[in-house]
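Everything on this sheet refers to the single structure shown next.
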2 protein chains.
Amino acid sequence: MRDKEETRSKILEAVGKILEEEGFQGIGVNSVSRKAGVDKVLIYRYFGDLPGLLREFASSGDYWPSMHGLIENAERTPLPPESSDLALALLKGYIREIRNSPSAQELLLGELVSRNELSEVSAMKRERQGADLIEALVSAAPDAGKVDVAAMGALLSAGLTFLMLRARNSDAYLGIDISSEEGWERIERAMEELVKGVLDNGQ
Amino acid sequence: MRDKEETRSKILEAVGKILEEEGFQGIGVNSVSRKAGVDKVLIYRYFGDLPGLLREFASSGDYWPSMHGLIENAERTPLPPESSDLALALLKGYIREIRNSPSAQELLLGELVSRNELSEVSAMKRERQGADLIEALVSAAPDAGKVDVAAMGALLSAGLTFLMLRARNSDAYLGIDISSEEGWERIERAMEELVKGVLDNGQ
DNA sequence: AACCTAAGTCACCATCCGGTGACAGGAGGG
DNA sequence: CCCTCCTGTCACCGGATGGTGACTTAGGTT
């Protein structure tokens with residue numbers, strides 16, 4: 001008590017907790033203050049208003065799985081691989097990261113639903129990391145100069161994202177059982193075929 | 001006034017209007033009755049409660065673009081094409097349909113965000129139509145026995161759906177300008193390469 | 001010890017939500 | 001003609017929201 005910094009951090013932590021437990025829709029002045037065990041007036045005192053709180057949470061939080069770790073892991077795979085291997089390693093790593101991070105899923109969903117302070121900042125962060133990812137992918141696929149790697153990456157990662165978000169509320173999508181590991185193995189295999197078909201066509 | 005059926009239809013129409021104008025989040029007893037110019041108590045009298053209203057709207061509405069028209073159009077394309085042509089025609093038709101139907105976008109988004117009466121029914125409808133679509137695709141791709149057409153269709157259509165939903169609030173995704181026609185042409189071309197690479201690899 | 005500022009508490013505001021009960025009035029049947 | 005049923009109106013409820021003003025209390029300074 002009587003510790004401004006601790007109170008501030010309790011509030012910021014409460015935002016993260018609510019994001020994981022109830023989703024972005026559950027975030028509000030009342031719910032956050034309740035979760036933090038703190039009077040809501042302190043939110044206004046320390047962060048101005050709710051957008052201010054979200055802005056600060058978004059800019060100083062480690063709620064987003066690090067794509068850089070993803071890239072580094074992928075680059076550390078034994079070389080020389082097929083030119084499609086790096087791409088597939090990246091995409092599979094993406095699946096693993098997001099499926100295991102409920103708060104990342106909430107952020108992605110929040111970006112889809114509405115434009116607010118939180119979604120703005122998280123979208124910017126992700127865009128920047130995504131650009132690095134695409135760059136790594138393009139530079140690592142030497143013979144991929146004639147295909148639009150960025151567009152393909154966008155389309156495939158978007159598909160994976162959609163399916164992961166959808167699996168939260170639904171069991172199936174177009175007949176694929178996205179709630180089971182078998183379903184996801186089908187998705188991954190389909191993705192492999194698609195990527196290999198276009199990147200390793202010379203083989 | 002004093003016409004139960006007209007009042008009922010006014011209420012149902014108001015649901016559709018709000019869905020298009022404000023999205024699924026804007027739907028509520030108060031907003032619907034306000035939009036319909038009707039007292040909200042009539043909603044409870046005629047539909048029981050809000051879920052009941054949504055159920056009736058979902059089951060008696062033409063808010064969802066007809067996939068059957070999509071399939072028929074695709075099948076009417078000049079044959080014999082590459083085995084990938086039907087698939088691409090279907091996917092491109094899907095893009096056109098959903099991009100031009102704000103209410104369909106809202107439904108898809110609603111299915112992602114929460115499970116309610118409306119999303120349940122619309123999801124069921126779409127799953128059934130999607131199954132037909134996949135079936136048409138599989139039976140029209142003779143040499144596609146060894147690849148998982150359903151999983152690929154799911155992944156690609158999921159990607160398209162995600163990008164279309166995202167374009168509502170955001171301009172870019174992974175560097176692709178999904179708010180412009182140029183960006184969507186890149187997406188379509190990337191999709192073509194992916195599909196042709198895996199379906200026409202024998203050529 | 002007196003005091004002042006910052007931290008924390010409490011009560012309250014207007015507004016919206018989904019939902020309900022009581023009542024008015026017109027139309028049709030006896 | 002009168003009575004009844006049905007459509008529609010209106011006021012209200014409990015609860016939740018975002019937001020504000022006035023208060024108490026603790027910690028450090030002088």
Side-chain angles (χ1 to χ4, degrees), chain A residues 1-19 21-58 60 106 109-110 113-121, chain B residues 1-19 21-58 60 106 109-110 113-121:
Chain A
M1 309 226 183
R2 292 273 161 202
D3 187 332
K4 177 175 176 177
E5 280 312 311
E6 189 179 328
T7 301
R8 278 180 58 97
S9 64
K10 272 200 288 188
I11 294 173
L12 288 171
E13 285 170 19
V15 173
K17 282 185 199 167
I18 293 182
L19 197 63
E21 296 170 12
E22 305 176 43
F24 67 97
Q25 287 182 317
I27 295 182
V29 178
N30 294 293
S31 62
V32 169
S33 61
R34 211 178 300 131
K35 190 68 147 190
V38 150
D39 195 286
K40 64 177 172 179
V41 80
L42 300 177
I43 293 180
Y44 293 101
R45 274 228 263 275
Y46 297 153
F47 303 97
D49 50 7
L50 189 61
L53 170 59
L54 295 185
R55 218 175 299 130
E56 188 141 340
F57 171 79
S60 78
E106 286 301 329
L109 190 52
V113 170
S114 65
R115 212 169 192 149
N116 57 38
E117 313 298 325
L118 187 50
S119 65
E120 292 279 347
V121 180
Chain B
M1 309 218 181
R2 294 263 157 210
D3 187 333
K4 177 176 174 176
E5 280 311 312
E6 190 179 328
T7 300
R8 278 180 58 98
S9 63
K10 272 200 289 188
I11 293 173
L12 289 171
E13 286 169 19
V15 174
K17 282 185 200 168
I18 293 182
L19 197 62
E21 297 170 11
E22 305 176 45
F24 68 97
Q25 287 182 318
I27 294 181
V29 178
N30 295 293
S31 62
V32 169
S33 61
R34 211 178 301 131
K35 189 69 148 187
V38 150
D39 196 287
K40 66 176 171 179
V41 81
L42 301 177
I43 293 181
Y44 294 101
R45 274 227 263 277
Y46 297 152
F47 303 97
D49 50 6
L50 189 62
L53 170 59
L54 296 184
R55 219 176 296 128
E56 189 141 338
F57 172 80
S60 79
E106 286 300 328
L109 190 51
V113 171
S114 64
R115 215 169 192 148
N116 57 38
E117 313 298 325
L118 188 50
S119 65
E120 292 279 347
V121 178

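In what follows, chains carry the letters A, B, and so on, assigned in the order in which the sequence lines appear, proteins first and then strands, with residues in each chain numbered from 1.
- The structure places CD of B:E5 at 7.5 Å from CG of B:D3, a figure rounded to the nearest 0.5 Å.
- Overall, the helix from C:dA1-D:dT30 to C:dG30-D:dC1 carries an axis bend of 30° between its ends, with five pairs at each end and the value rounded to 10°.
- As rounded to whole Å, 13 Å separates atom P of D:dT9 from atom CD1 of B:I43.
- One atom, CG of B:D3, and another, C1' of C:dG26, lie 14 Å apart when rounded to the nearest Å.
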Checklist entry - With the sugar-phosphate defined as primed atoms, P, OP1 and OP2, and the base as all remaining atoms, what B/S/- string results for nucleotides 10-24 of chain D, 5' to 3', for protein heavy atoms under 4.0 Å? => result B------SBBBB---
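- Between B:S31 and B:G28, the closest heavy-atom pair is OG-N, 3.0 Å.
- Not a single donor-acceptor pair under 3.5 Å links the side chain of A:R55 to the backbone N or O of A:L118.
- For B:S119, the side chain to side chain donor-acceptor pair (under 3.5 Å) partners at least two apart in sequence or on another chain are B:N116.
- Residues that satisfy the side-chain contact (heavy atoms from CB on, under 4.5 Å) test with B:Q25, not counting sequence neighbours, are A:Q25, A:V113.
- Separating the CG atom of B:L42 from the P atom of C:dG18 is a distance of 16 Å, rounded to the nearest angstrom.
- Take A:E13 and apply the side chain to side chain donor-acceptor pair (under 3.5 Å) test, not counting sequence neighbours, and it matches no residue.
- Residue pairs that meet the salt bridge (Lys or Arg N to Asp or Glu O under 4.0 Å) test with at least one member in residues 37-53 of chain A, sequence neighbours left out, do not exist here.
- Side-chain contact between B:L12 and B:L53: present, with at least one pair of heavy atoms (C-beta onward) separated by less than 4.5 Å.
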